[in-house]
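What follows is a single structure, written as structure tokens, with notes after it.
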2 protein chains.
Amino acid sequence: MDRPLARPLYAQVKDALIRRLVDADWKPGQALPNEFALAAEYGVSQGTMRRALDELAQANLVVRRQGKGTFVAEHTRERAMFHFLHLETDSGQRAQPESRVFAMKAGAPTREEARRLELPALARVVRLSRVRLLDGAAAIVERIALPGARFPGLEKMDRTELPNELYALYQSRWGVSVARAVERLKAVPASAEDAGLLGVTVGTPLLEIDRLARALDGRPCELRLSRCLTARHRYVSELV
Amino acid sequence: MDRPLARPLYAQVKDALIRRLVDADWKPGQALPNEFALAAEYGVSQGTMRRALDELAQANLVVRRQGKGTFVAEHTRERAMFHFLHLETDSGQRAQPESRVFAMKAGAPTREEARRLELPALARVVRLSRVRLLDGAAAIVERIALPGARFPGLEKMDRTELPNELYALYQSRWGVSVARAVERLKAVPASAEDAGLLGVTVGTPLLEIDRLARALDGRPCELRLSRCLTARHRYVSELV
DNA sequence: TAGTGGTCTAGACCACGCT
DNA sequence: GCGTGGTCTAGACCACTAT
């Protein structure tokens, strides 16, 4: 267990732990064994195991709490707000927008959906449209495409029963944990449909957020296009 | 040296090192003493010093290179592109935009400038306007406000001689190292002036990036408002 | 060959959360 | 009081860079 391979030990251990998370060996919210137990199991020192666990914590895959233990990360409201919602009011407050899903339908992927979700052309996607409210007013139009194979039964659910926190649902219902995402932003004019849904005139500048989310296993699991009114809100990004 | 204060040792050492960077005790590009020397100097173990240095590296304040040493971070073209330029082409390529400064003038700060740059109302700011080209076409209108006290002599420089990489200039000429920044994004309609400079019609949706940059000492050192055409470009943000 | 940062270990003690 | 993660130490060895 001490051959100096290309990849350092702590990284190999980290990979092994991620595999166990992917396999749902430990489930969201559950505690992992403590550092000593894990170190013994993998035949490494506590320090090496600690480094692996610290890196998992940095990637938000686990949460470590002094005196309590190390827990598999859950998609709670807090995590959604701090890590996957970069919109805030002009005064700097973040609030989870309410959602109203007005359409859900399955179909064949477009060429772009197939490419970006890494699906075969014959796969099916479930498409979901919703309007989201900020401070009670319609502010976001959202169109979501999901690989049907990963979310069986979704299209038969009642769209009005879908929760606001989709990521928590993906995780609890289908074991799909969104681990990271890339967002691409543009300023676009409101289409006729956007305008109608948001109550603005056609051509009003909207902030378009194109998000591709990836699950724990690294594969794409959601494609989401949000068009946001930024009259009283803004998107925040921290640079170092 | 082993009293368990509120703040852990490695954090105290890190703060002490940052103070020395702020004081320009070590200058950008220069090597710091090695881990053992620093550890001895501060009366801590090499492991503790390593942790402090690793955190500085993570904040991009120093760069560590195996076999060579630890160096004070410089504002190079690479750093600007990877850390302070989130615009890329629709095909995913990043290119540093060329710049043409068309105005530079000093004056009293507006109320908002004074508040956000944390300046007294009687201070002076230097304002600088430029158009930036992406792929040869005007794509960004940028308005920058700087605290005059921190950049003496700037307003007397020839605006046509200002380099593309302003952060490298701030660092080399005035010892002001931009350490981090917060960007706030909105979609806004092009004003008459924007439209003229960018060659688009009034009301065209533009991506507005409002950036407040902070120096090593944590104080604000630049306020920058960029309005960007996103017809063929996009802003990228990574979420974890 | 010498000097640097990177990895790994083993062990002591501290701070926190519970019961 | 006990179990957890968090800090700190001391020391060995590896990998990279330069001379």
Side-chain angles (χ1 to χ4, degrees), chain A residues 1-18 20-21 26-74 76 78, chain B residues 1-18 20-21 26-74:
Chain A
M1 191 53 67
D2 47 15
R3 284 147 52 239
L5 302 182
R7 198 160 171 67
L9 241 191
Y10 67 82
Q12 299 176 47
V13 171
K14 176 184 163 190
D15 292 345
L17 294 175
I18 290 179
R20 295 183 69 170
L21 293 175
W26 303 302
K27 297 194 174 47
Q30 285 184 352
L32 272 61
N34 72 40
E35 292 178 351
F36 284 102
L38 282 173
E41 182 178 345
Y42 284 91
V44 300
S45 74
Q46 186 203 6
T48 298
M49 182 53 70
R50 163 175 288 278
R51 174 142 185 194
L53 290 169
D54 282 345
E55 294 205 358
L56 292 186
Q58 199 158 19
N60 293 312
L61 302 185
V62 302
V63 176
R64 313 198 73 191
R65 283 198 284 265
Q66 190 175 29
K68 300 194 66 177
T70 302
F71 303 83
V72 182
E74 277 185 295
T76 59
E78 279 64 38
Chain B
M1 191 52 64
D2 44 15
R3 284 146 55 237
L5 302 182
R7 199 161 169 68
L9 241 192
Y10 66 83
Q12 298 177 48
V13 171
K14 176 184 165 192
D15 292 345
L17 295 175
I18 290 179
R20 294 183 70 170
L21 293 175
W26 302 302
K27 298 196 175 45
Q30 285 184 352
L32 271 61
N34 71 39
E35 293 178 348
F36 284 101
L38 282 172
E41 182 179 344
Y42 284 91
V44 300
S45 74
Q46 187 203 5
T48 299
M49 182 53 69
R50 162 174 290 278
R51 172 142 187 195
L53 290 169
D54 283 344
E55 295 205 358
L56 292 186
Q58 197 157 20
N60 293 313
L61 302 185
V62 302
V63 176
R64 314 198 73 191
R65 284 197 284 264
Q66 190 174 29
K68 298 194 69 177
T70 302
F71 303 84
V72 183
E74 278 185 295

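Here the structure is a predicted model, which is why all the values come from computation and not from measurement.
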**OP:** Report the distance from atom NZ of A:K14 to atom P of C:dT7, rounded to the nearest whole Å.
**Re:** 12 Å
Original post:
Does the side chain of A:T70 get closer than 4.0 angstrom to OP1 or OP2 of D:dT4 through an N or O atom?
Top reply: no
**OP:** Taking only the side-chain heavy atoms of A:K68 (C-beta and beyond), determine which of D:dG5, C:dA10, C:dG17 contains the nearest atom.
**Re:** C:dG17
Original post:
Is A:Y10 near enough to C:dT7 that one of its side-chain N or O atoms lies under 4.0 angstrom from OP1 or OP2?
Top reply: yes
Original post:
Where the side chain of A:L9 is defined as all heavy atoms beyond and including C-beta, which of D:dG5, C:dT9, D:dC8 is the nearest nucleotide?
Top reply: C:dT9
**OP:** Mind calculating the distance between CE (B:M49) and P (C:dT7) to the nearest angstrom?
**Re:** 19 Å
Subject >> Per B:R64 side chain, nearest of listed nucleotides D:dG6, C:dT7, C:dG5 >> reply: C:dG5
Original post:
Is the NZ or CZ atom of B:R64 positioned over B:F71's six-membered ring, under 6.0 angstrom from the centre and within 45° of the axis?
Top reply: no
Original post:
How long is the line joining CD of B:Q46 and C1' of C:dT4, in whole Å?
Top reply: 10 Å
Original post:
Given atom CZ of B:R7 and atom P of D:dT7, what is their separation to the nearest angstrom?
Top reply: 11 Å
**OP:** Examine C:dT7: is either OP1 or OP2 under 4.0 Å from a nitrogen or oxygen in the side chain of A:T48? Give yes or no.
**Re:** no
**OP:** For A:Q30 and A:K27, indicate whether the former's side chain and the latter's backbone hold a donor-acceptor pair under 3.5 Å.
**Re:** yes
Original post:
Start at the 5' end of DNA chain D and walk down; is the nucleotide closest to A:N34 or to B:G67 reached first?
Top reply: A:N34
Subject >> Qualifying residue for side-chain contact (heavy atoms from CB on, under 4.5 Å) with B:K14, from B:D54, B:L56, B:L53, B:L61 >> reply: B:L56
**OP:** Considering only NZ, NE, NH1 and NH2 on the basic side and carboxylate oxygens on the acidic side, decide whether B:E41 and B:R20 come within less than 4.0 Å.
**Re:** yes
**OP:** Mind calculating the distance between CD (B:E35) and C1' (D:dC14) to the nearest angstrom?
**Re:** 14 Å
Original post:
Would you say the side chain of A:R50 and the base of D:dG5 hold a donor-acceptor pair, judged only by whether the two atoms sit under 3.5 Å apart?
Top reply: no
Subject >> Side chain of A:V44 - closest among C:dT9, C:dT7, D:dA10 >> reply: C:dT9
Original post:
Is A:L9 close to A:Y42 at the side-chain level, that is, under 4.5 Å between some pair of heavy atoms?
Top reply: no
Subject >> Distance, rounded to the nearest Å, where A:F71 contributes CZ and C:dC18 contributes C1' >> reply: 12 Å
**OP:** Can you tell me the distance, in whole Å, between the CG atom of B:L32 and the P atom of C:dT4?
**Re:** 12 Å
**OP:** Ignoring backbone atoms, establish whether A:R65 has a side-chain N or O less than 4.0 Å from OP1 or OP2 of D:dT4.
**Re:** no
Original post:
Rounded to the Å, how far apart are B:Q66 CD and C:dG5 C1'?
Top reply: 6 Å
Original post:
Touch check for B:F36, heavy atoms < 4.0 angstrom, all strands: base, sugar-phosphate only, or nothing?
Top reply: nothing
